[in-house]
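Heads up: the structure comes next, in structure tokens.
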Amino acid sequence: MEKVLVRELIRDSGSYADRQVEVSGWIRSNRDQKAFGFIALNDGTHFNSIQVVYEREFLPNFDEVARLGVGSAITVQGKLVLTPGAKQPFEIKATAVILEGESPADYPIQPKRHTREFLREVAHLRPRTNLFSAVFRVRSLLSFAVHKFFQEKGFIYLHSPIITANDAEGAGELFRVTTLDPGNAPRSENGEIDFSEDFFGRKTNLTVSGQLEAEVFALAFRNVYTFGPTFRAENSNTARHAAEFWMIEPEIAFADLNDNMRLAEEMVKYLIRYILENAAVEMDFFNSFVDKGLRERLQNIVASEFERITYTEAIKILEGSREKFEYPVAWGRDLQTEHERYLTEKVFKKPVFVIDYPKEIKAFYMRLNEDEKTVAAMDLLVPGVGEIIGGSQREERADVLEKRMAEFNINLRDLWWYLDLRKYGGVKHAGFGLGLERAIMYITGVSNIRDVIPFPRTVGSCEF
RNA sequence: UCCUCAGUAGCUCAAUGGCAGAGCGGCCGGCUGUUAACCGGUAGGUUGCAGGUUCGAGUCCUGCCUGGGGAGCCA
């Protein structure tokens with residue numbers, strides 16, 4: 001008998017019609033009557049489950065099968081029958097049902113609505129629910145689409161290091177990496193822990209960004225991207241932050257901020273289009289049960305020209321609006337979430353690049369503009385979420401960069417290799433960072449980052 | 001870290017300071033085509049933890065724990 005995946009049956013049910021097949025999977029629901037019953041079977045290869053019909057007349061173990069609970073694993077042999085007019089397009093009339101692994105009555109996932117909070121507590125079982133089946137399918141597809149986009153453009157994929165000694169970027173609190181015994185660490189004369197005795201002979205931490213290393217590769221391969229895990233030890237408990245998350249960081253050489261924005265806009269549209277086309281069933285689910293306006297909003301983004309305004313223009317718009325903001329608007333202050341959302345949702349009603357921020361509120365590596373007050377930074381704001389991408393043209397002039405590092409109290413010696421990039425064949429270059437989880441949240445409408453990461457790591461929580 | 005809300009059966013939730021309840025799920029039974037099936041019956045509780053007020057606390061007070069939402073910071 002032919003072993004088949006549910007995905008193949010759903011995509012090509014016509015050619016399987018009236019044939020004997022064998023499928024294996026987990027029971028989503030089981031309803032029995034006196035002489036027959038129905039099982040919704042999901043084998044993980046497709047978002048949808050298929051219906052298995054079993055009849056007392058043909059199954060010697062009918063009573064045993066009728067008692068099988070949700071979550072049980074079974075193998076079904078039987079004939080695929082098309083059922084036009086019924087709720088499901090086809091079903092399998094079972095001639096044999098073999099129990100692979102039982103699931104007792106205390107199985108926590110029931111065929112009913114559970115809260116997200118409860119499902120997080122059973123993160124090892126939640127992939128078997130509709131919502132998380134859809135989320136993690138999209139996460140997988142989106143990851144592939146990221147590679148597809150950049151590889152088609154000839155970008156080199158760089159594995160930036162996960163353990164690093166960089167702590168100069170100021171992107172957030174660091175996770176220390178050490179093999180020293182915390183209770184008995186070697187100490188120097190002044191009583192501080194002596195990291196020269198540590199595994200790497202110096203202080204090291206988990207990376208907060210692969211950007212600096214990406215710049216190294218951009219100045220060798222021209223166009224590169226990183227795509228990997230990053231870590232922030234911030235004590236922030238929100239629906240949008242995790243201690244471990246994935247970032248996509250392209251870096252392009254012989255390119256300025258405009259090239260950077262063009263790349264970001266093209267990438268965002270590509271990723272959304274890819275998911276709309278390749279995860280249509282999952283997107284139907286999100287559009288129906290998670291966020292009713294989702295598909296329309298995404299389609300609008302794909303079709304729209306992203307707006308581009310300067311920070312200074314943004315401040316003028318905000319100052320001229322009659323909206324009451326909780327936080328004051330003034331040139332030199334960073335834009336708050338409420339300001340960003342007002343700009344993208346109320347004023348422009350589409351994605352907006354805000355560029356040329358005051359140098360004081362942005363990172364040291366961003367290129368100083370001619371006015372010497374602003375830097376060539378860009379944030380992409382989108383309706384519904386706010387900031388989704390942050391990037392900049394990098395400072396390629398060694399003297400300006402050194403001056404900026406001094407202003408930020410960054411030790412030149414720690415980043416000697418970063419400065420070398422400006423000394424030897426330095427060219428203008430730019431890049432940006434996109435949080436994978438933020439992108440998944442935006443595309444699926446799922447509003448908590450803990451629900452788009454398989455096993456989320458947040459403050460005080462590292463189960464599984 | 002700050003503000004705020006919540007914690008009662010396996011799950012989702014009720015219960016005016018006065019007998020601890022329902023739906024779903026489980027179990028038992030019924031039903032000849034179900035779709036989160038339906039109908040009948042049944043079991044299931046240290047009300048997050050520790051104190052306090054009261055004749056009496058799920059309910060009021062204090063502290064702690066856990067979780068949600070918001071803010072800051074950011075991706």
Side-chain angles (χ1 to χ4, degrees), chain A residues 28-41 48-57 66-67 69-71 81 83 85-89 91 93 103-122 125 129-130 169-173 207-211 226 228-249 289 326-327 334-338 340 361-363 379-382 385-391 432-442 447-453 458-461 463:
Chain A
R28 286 289 183 86
S29 74
N30 185 6
R31 305 176 292 275
D32 73 286
Q33 299 191 18
K34 197 177 202 171
F36 55 90
F38 303 92
I39 288 172
L41 191 70
N48 290 332
S49 302
I50 59 168
Q51 174 156 289
V52 174
V53 192
Y54 56 99
E55 295 178 66
R56 190 180 288 280
E57 195 180 340
R67 272 194 300 272
V70 174
V81 180
T83 53
K87 245 185 168 179
Q88 73 290 339
E91 63 189 18
K93 287 198 180 295
S103 178
D106 58 357
Y107 182 63
I109 311 283
Q110 299 302 333
K112 58 171 278 192
R113 193 188 159 276
H114 292 291
T115 59
R116 311 269 169 90
E117 294 80 33
F118 169 70
L119 291 169
R120 277 171 216 149
E121 293 170 9
V122 288
L125 300 172
T129 64
N130 283 335
E169 213 203 321
E173 293 295 314
T207 186
V208 294
S209 163
Q211 181 201 313
T226 75
T230 47
F231 307 87
R232 307 269 169 96
E234 295 288 353
N235 185 15
S236 60
N237 208 320
T238 81
R240 296 158 55 70
H241 292 82
E244 177 180 323
F245 62 100
W246 281 56
M247 265 216 289
I248 300 142
E249 296 178 289
F289 296 108
E326 193 183 337
Y327 288 86
D334 207 354
L335 299 179
Q336 302 297 318
T337 304
E338 57 174 346
E340 294 178 342
I361 59 173
K362 288 292 182 182
D379 283 357
L380 177 61
L381 315 178
V382 294
V385 170
E387 182 185 338
I388 194 165
I389 282 177
F432 62 85
L434 168 70
L436 175 68
E437 285 79 9
R438 296 268 171 97
I440 300 170
M441 291 165 73
Y442 191 63
S447 56
N448 196 311
I449 197 167
R450 298 173 186 90
D451 298 328
V452 300
I453 299 177
T458 52
V459 188
S461 174
E463 191 64 62

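Chain identifiers are assigned alphabetically (A, B, ...) following the order of the sequence lines, protein sequences preceding nucleic acid strands; residue numbering begins at 1 within each chain. In what follows, every heavy atom counts, from backbone to side chain, and hydrogens, waters and symmetry copies are set aside.
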Taking atom [atom2] of [N] as reference, at what distance in whole Å does atom [atom1] of [X] sit?
X        : N     : atom1 : atom2 : answer
A:Ile39  : B:A36 : CD1   : P     : 16 Å
A:Lys87  : B:U34 : NZ    : P     : 10 Å
A:Leu380 : B:C74 : CG    : P     : 17 Å
A:Lys362 : B:C73 : NZ    : C1'   : 12 Å
A:Met441 : B:C74 : CE    : P     : 18 Å
A:Glu340 : B:C73 : CD    : C1'   : 12 Å
A:Leu335 : B:C74 : CG    : C1'   : 14 Å
A:Phe118 : B:C13 : CZ    : P     : 12 Å

Of A:Asn30 and A:Glu338, whose closest RNA chain B nucleotide lies nearer the 5' terminus? A:Asn30
Counting the atoms with a prime plus P, OP1 and OP2 as sugar-phosphate, which does [X] contact under 4.0 Å by heavy atoms, base, sugar-phosphate, or nothing?
X        : value
A:Phe245 : base
A:Ile388 : sugar-phosphate
A:Ala242 : base

Compare every heavy atom of [Y] with every heavy atom of [X], then report the nearest pair and how far apart it is.
X        : Y        : answer
A:Glu173 : A:Val208 : O-CG1, 4.4 Å
A:Glu55  : A:Lys93  : OE2-NZ, 4.4 Å
A:Gly71  : A:Ser103 : C-CB, 3.4 Å
A:Glu338 : A:Tyr327 : OE2-N, 2.7 Å
A:Arg240 : A:Met441 : CG-CE, 4.2 Å

State whether the distance check finds a donor on one side and an acceptor on the other, under 3.5 Å, for side chain A:His241 versus base B:C74. yes
Checking only heavy atoms, does the side chain of A:Glu55 share a donor-acceptor pair with the base of B:G33 at less than 3.5 Å? no
Write down the distance separating the [atom1] atoms in [N] and [M], rounded off to the nearest Å.
N     : M     : atom1 : answer
B:C38 : B:C31 : C1'   : 8 Å
B:U54 : B:G45 : C1'   : 24 Å
B:C74 : B:U16 : P     : 47 Å
B:G67 : B:C28 : C1'   : 37 Å
B:U8  : B:U47 : P     : 11 Å
B:A43 : B:G21 : C1'   : 15 Å
B:G69 : B:G33 : C1'   : 45 Å
B:A9  : B:C13 : P     : 11 Å

Pair assignment for [N], Watson-Crick or G-U wobble, requiring both distances under 3.5 Å:
N     : answer
B:G58 : none
B:U34 : none
B:G44 : none
B:C24 : B:G10

At under 4.0 Å between heavy atoms, how does the protein contact nucleotides 65-71 of chain B? Give one character per nucleotide, 5' to 3', with B, S or -. --SSSBB
Taken to the nearest 0.5 Å, the spacing of A:Ser461 OG from A:Arg450 CZ works out to 7.5 Å
Could you tell me the separation between the CG atom of A:Leu381 and the CD1 atom of A:Ile389, rounded to the nearest 0.5 Å? 10.5 Å
Where does the angle between the aromatic ring planes of A:Phe38 and A:Phe36 fall among parallel (under 30°), tilted (30 to 60°) and perpendicular (over 60°)? perpendicular
Count the heavy atoms belonging to other residues, nucleotides or ligands that lie under 6.0 Å from CZ of A:Phe118, then report whether that count exceeds 12. yes
With distance as the sole test, does A:Gln51 use its side chain to make a donor-acceptor pair with the main-chain N or O of A:Glu91 at under 3.5 Å? no
Does the pair A:Tyr54 and A:Asn30 meet the rule for a side chain to side chain donor-acceptor pair (under 3.5 Å), with working shown? CA-CA 10 Å; A:Tyr54 56 99; A:Asn30 185 6; 2.6 Å; yes
Every protein N/O within reach of nucleotides 21-32 of chain B N/O, cut-off under 3.5 Å:
| residue | atom | partner | partner atom | Å |
| --- | --- | --- | --- | --- |
| B:G23 | N2 | A:Lys112 | NZ | 3.2 |
| B:G25 | O2' | A:Gln110 | OE1 | 2.9 |
| B:G25 | O2' | A:Gln110 | NE2 | 3.0 |
| B:C31 | OP1 | A:Lys34 | NZ | 2.7 |
| B:C31 | OP2 | A:Lys34 | NZ | 3.2 |
| B:C31 | N4 | A:Asp32 | O | 3.4 |

